[in-house]
2 protein chains.
Amino acid sequence: MVTKKKPSPKWRSGCPLNASVEILGDRWSLLIIRDMMLRGFRSYKEFLESYEGIATNILADRLRKLMAHGIITTGRDPLDGRKVIYSLTEKGIDLAPVLTEMVLWAAAHEKTENPGLVQLIQKDKEQFLAAARERWAGKTIAARAK
Amino acid sequence: MVTKKKPSPKWRSGCPLNASVEILGDRWSLLIIRDMMLRGFRSYKEFLESYEGIATNILADRLRKLMAHGIITTGRDPLDGRKVIYSLTEKGIDLAPVLTEMVLWAAAHEKTENPGLVQLIQKDKEQFLAAARERWAGKTIAARAK
DNA sequence: CAGGATCCGTTTCGATACTG
DNA sequence: CAGTATCGAAACGGATCCTG
């Protein structure tokens with residue numbers, strides 16, 4: 001039989017978000033970004049042991065995709081050359097407002113976890129974002145100094 | 001009836017977003033919400049013909065899930081009793097800030113589509129959100145008044 | 001005809017085992 | 001520790017069928 005090939009330019013653009021939904025519309029990518037941004041995770045092992053229980057191949061795949069999209073970078077821990085660490089890029093850090101709004105929405109409408117963080121964000125959103133940005137800016141530079 | 005066999009308590013909670021990632025971390029749900037919020041889509045047919053090309057069973061499934069999560073409701077078009085229309089609930093409308101931040105992020109970092117809308121949002125985010133909220137509040141009430 | 005439900009071949013995901 | 005290989009399970013897409 002003649003097999004129809006799918007070259008997979010399936011996601012035609014034309015409306016906002018069409019391109020980014022590939023990365024933002026994925027559970028694991030979202031959770032990895034959240035864990036880096038909100039919990040400070042940086043290593044493969046930390047993500048693996050995160051209690052969502054991601055599989056090793058899926059984790060590797062998503063890290064690869066996030067790198068391909070320029071949202072994270074990889075490098076060696078400057079303090080311990082054996083360890084591989086991941087860092088958010090500028091583009092990744094810029095997702096903080098998206099994550100923040102998600103957390104606020106979830107807190108308002110779903111049963112909320114970690115009310116402390118939520119209250120902190122609610123109290124001063126701008127300051128929280130600035131702090132997150134600064135914290136990550138330093139780490140990114142450190143990681144880039146390979 | 002269809003798949004009702006989903007106990008799957010796989011998603012343990014403990015950190016913000018864990019509960020909501022099920023809906024926010026799904027391509028199709030995200031696109032449906034976007035199409036309702038930004039493009040004013042309301043009917044099954046409109047979603048189906050949206051150029052992302054969703055399959056009928058997938059669309060029906062996602063609409064069901066969005067309803068189960070209380071993000072949309074269904075009802076008859078008050079102007080045409082034969083038509084089924086979907087509306088954002090309050091909870092759904094509250095996703096506007098999340099969508100807005102996503103659009104801004106995508107515009108800043110991916111090749112941007114529909115620059116007009118993006119500029120509109122950038123110019124006055126708060127006013128855009130207020131307008132969206134008001135527009136939908138009216139529609140929701142109209143849809144519920146039947 | 002709009003709004004789905006059902007069946008089925010294909011693609012992707014994910015749990016586990018294994019490796020440098 | 002940081003991943004790859006494998007392989008069954010689930011999701012997807014597409015056509016078709018059903019119901020009001």
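Nothing here was measured: the structure is a model prediction, and the numbers come from that model.
Between B/Arg64 and the phosphate of C/dA5, there is a side-chain N or O to OP1/OP2 separation shorter than 4.0 Å. Contact annotation: A/Arg76 does not reach the phosphate of D/dA2 (side-chain N/O to OP1 or OP2, under 4.0 Å).
Taking atom CG of A/Leu59 as the reference point, atom P of C/dT16 lies 16 Å away to the nearest angstrom. Look at CZ on B/Phe41: it is 15 Å from P on C/dA2, rounded to the nearest Å. A straight line from CG of A/Asp26 to C1' of D/dA11 spans 13 Å, rounded to a whole angstrom. Rounded to a whole Å, the CH2 atom of A/Trp28 is 9 Å from the C1' atom of C/dG14. Between the CD atom of A/Glu49 and the C1' atom of D/dC1 there is a distance of 10 Å, given to the nearest Å. When the C1' atom of C/dC13 is taken as reference, atom CG of A/Leu63 falls 16 Å away, rounded to whole Å. Residue A/Ile58 contributes atom CD1, which lies 12 Å from atom P of C/dT12 at whole-angstrom precision. Protein atom CZ of A/Arg62 is 5 Å distant from nucleotide atom P of C/dC13, rounded to whole Å.
Electrostatic pairing of A/Glu101 and A/Lys125 counts as a salt bridge here, judged by a charged N lying under 4.0 Å from a carboxylate O.
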Find every protein N or O atom lying less than 3.5 Å from an N or O atom of nucleotides 17-20 of chain C, and list the pairs.
unit_1 : atom_1 : unit_2  : atom_2 : d
C/dA17 : N6     : A/Thr56 : OG1    : 3.4

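For A/Arg34 (side chain) and B/Pro16 (main-chain N/O), a donor-acceptor pair under 3.5 Å exists by modelled atom type.
Closest to the B/Ala55 side chain, of the nucleotides C/dG3, D/dG13, C/dA15, is D/dG13. Listed nucleotides D/dG3, D/dA2, C/dG3 differ in distance to A/Lys83; the shortest reach to its side chain belongs to D/dA2.
With sequence neighbours excluded, the residues that form a ring pair (Phe, Tyr, Trp, His ring centres under 6.0 Å) with B/His109 are B/Trp105. Applying the side-chain contact (heavy atoms from CB on, under 4.5 Å) test to B/Asp26 and every residue at least two apart in sequence or in another chain returns B/Trp28, B/Ser29, B/Arg62. With sequence neighbours excluded, the residues that form a side-chain contact (heavy atoms from CB on, under 4.5 Å) with A/Gln122 are A/Leu104, A/Val118, A/Gln119. Not a single side-chain hydrogen bond (donor to acceptor under 3.5 Å, both in side chains) links A/Lys83 to another residue, sequence neighbours left out. Every residue two or more places apart in sequence or in another chain was checked for a side-chain contact (heavy atoms from CB on, under 4.5 Å) with B/Ala130, and none qualifies.
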